[in-house]
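Report on the structure given below.
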Amino acid sequence: RAEAACALPASTAPAAPDDELWRGLARECRAIIARNRSTLFFVNSRRHAEKVARFINEEAGAVIAWAHHGSLSREMRLVVERRLKRGELSAIVATSSLELGIDIGALDEVVLVGSPFTVASAVQRLGRSGHRVGAASRAVLFALHGRDLVDAAVLARCVIAGEVEEAAPVVAPLDVLAQVLVSMIGVESWRVDELY
C-alpha cells in the first residue's frame, strides 16, 4: 500500500513552463542525496512536498524520496518515518510535519526548499541534522523566486546571529475551548455546570 503512493507517475502531459526550474532543483537535490546517508528536505506547502519528491524521483529514475505532510494518513507518515530511520530511504520531503518532536534518527543534512516563514521555524528545521556528539548541523537553502532570495538572505543572517522571534503564548485560546466543547456535546448530553 505504501509503495503505490510513491510510484513514479507516467508523465504524458506537456511540460509546464516552470518545470525546468523544478528539474534543475531536482538535479541539485539528487546530488545532495548522493553525498548523504539520509537527507531531510523541508518545503512550505503540501503541493511543494509532492512536487519536489516527484521531480527528485524522476531525476533518480527510482523512488528515493517520499513526501511527508499532514494530508497523508498517520499510518503512511509512520511508514515513511520508520523507513528513513532504518536507513531504507534516502530522503524525505516534508512540510512542518517533521519540524518538531518526531524521532527520525540521525540526519546528515537538511535542505530548505524555500525560506521558512519565521526564524524560529528555520532554526528548528536546521537543527534536525547533526544530532551526534560534536557534530554541527549541515543545511542548504534554495530560494524559489526573487523575493524568496531576499527573505533567505535575511533569514540566514538572523539564524547566524541568533535573532529568533520572541515567543508569545496564546492567552485564553477561545477557539480551542470551542472545539473541545463541540466535540464533547456532539457525543452526549451535558448539564451546563458539569460541562463547566
Side-chain angles (χ1 to χ4, degrees), residues 6 15-60 64-72 77 80-81 84 89-132 135-170:
C6 297
D18 69 342
D19 275 3
E20 198 48 46
L21 166 89
W22 294 101
R23 290 188 202 294
L25 176 67
R27 283 189 292 277
E28 293 292 326
C29 292
R30 177 68 183 102
I32 292 169
I33 293 167
R35 71 178 179 227
N36 294 317
R37 187 187 62 76
S38 59
T39 308
L40 178 57
F41 294 83
F42 278 109
V43 295
N44 293 323
S45 71
R46 295 171 185 155
R47 183 174 59 88
H48 279 164
E50 296 290 342
K51 190 173 201 170
V52 171
R54 177 175 64 92
F55 276 103
I56 289 171
N57 292 336
E58 285 178 0
E59 172 68 22
I64 62 169
W66 283 20
H68 188 287
H69 52 74
S71 290
L72 296 175
R77 289 192 311 265
V80 173
E81 293 162 21
L84 183 74
L89 184 61
S90 301
I92 293 179
V93 183
T95 59
S96 59
S97 60
L98 283 179
E99 198 170 290
L100 297 170
I102 297 172
D103 179 18
I104 54 173
L107 292 167
D108 297 318
E109 193 164 0
V110 168
V111 178
L112 306 178
V113 179
S115 301
F117 302 120
T118 65
V119 178
S121 181
V123 169
Q124 273 302 134
R125 292 175 180 193
L126 298 174
R128 295 308 308 248
S129 73
H131 277 222
R132 290 178 285 278
S137 295
R138 284 184 22 215
V140 175
L141 186 134
F142 289 108
L144 296 176
H145 48 79
R147 167 64 196 264
D148 195 27
L149 184 60
V150 173
D151 291 345
V154 172
L155 189 69
R157 185 193 60 75
C158 290
V159 167
I160 291 168
E163 297 173 4
V164 179
E165 304 90 355
E166 209 173 296
V170 179

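The basis for the numbers below is simple: all heavy atoms, side chains too, and nothing from hydrogens, waters or symmetry mates. Here the structure is a predicted model, which means the values were calculated and not measured. We number each residue from 1, following the sequence as shown.
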Spacing of [X] atom [atom1] and [Y] atom [atom2] [to the nearest 0.5 Å]:
{"X": "K51", "Y": "I56", "atom1": "NZ", "atom2": "CD1", "answer": "13.0 Å"}
{"X": "F41", "Y": "I92", "atom1": "CZ", "atom2": "CD1", "answer": "11.0 Å"}
{"X": "F42", "Y": "Q124", "atom1": "CZ", "atom2": "CD", "answer": "9.0 Å"}
{"X": "N36", "Y": "L107", "atom1": "CG", "atom2": "CG", "answer": "9.0 Å"}
{"X": "S96", "Y": "H69", "atom1": "OG", "atom2": "NE2", "answer": "11.5 Å"}

Counting distance only, does the side-chain N/O of [X] pair as donor-acceptor with the main-chain N or O of [Y] below 3.5 Å?
{"X": "R77", "Y": "L72", "value": "yes"}
{"X": "D108", "Y": "S38", "value": "yes"}
{"X": "E50", "Y": "A67", "value": "no"}
{"X": "S97", "Y": "H68", "value": "yes"}

Run the salt bridge (charged side-chain N to carboxylate O under 4.0 Å, His left out) test against [X] and tell me which residues pass, sequence neighbours left out.
{"X": "D151", "result": "R147"}
{"X": "E109", "result": "R35, R138"}
{"X": "R47", "result": "none"}

Looking at side-chain heavy atoms only, is the closest gap between I32 and F142 below 4.5 Å?
->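 Touching, per the 4.5 Å side-chain cut-off.
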How far apart are the closest heavy atoms of [X] and [Y], and which atoms are they?
{"X": "N44", "Y": "P116", "value": "OD1-CA, 3.8 Å"}
{"X": "L155", "Y": "V119", "value": "CD1-CA, 3.7 Å"}
{"X": "I64", "Y": "R30", "value": "CD1-CD, 3.6 Å"}
{"X": "A122", "Y": "V159", "value": "CB-CG2, 4.0 Å"}
{"X": "L21", "Y": "L144", "value": "CD2-O, 4.5 Å"}
{"X": "L98", "Y": "A94", "value": "CD1-CB, 3.8 Å"}

Indicate the ring-plane relationship of F55 and W22, choosing parallel, tilted or perpendicular according to the 30° and 60° boundaries.
->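 Rings of F55 and W22: parallel, as their planes differ by under 30°.
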Start with the C-alpha gap between L112 and R125, add the side-chain angles, then the distance that decides, and say whether side-chain contact (heavy atoms from CB on, under 4.5 Å) holds.
-> CA-CA 8 Å; L112 306 178; R125 292 175 180 193; 3.8 Å; yes
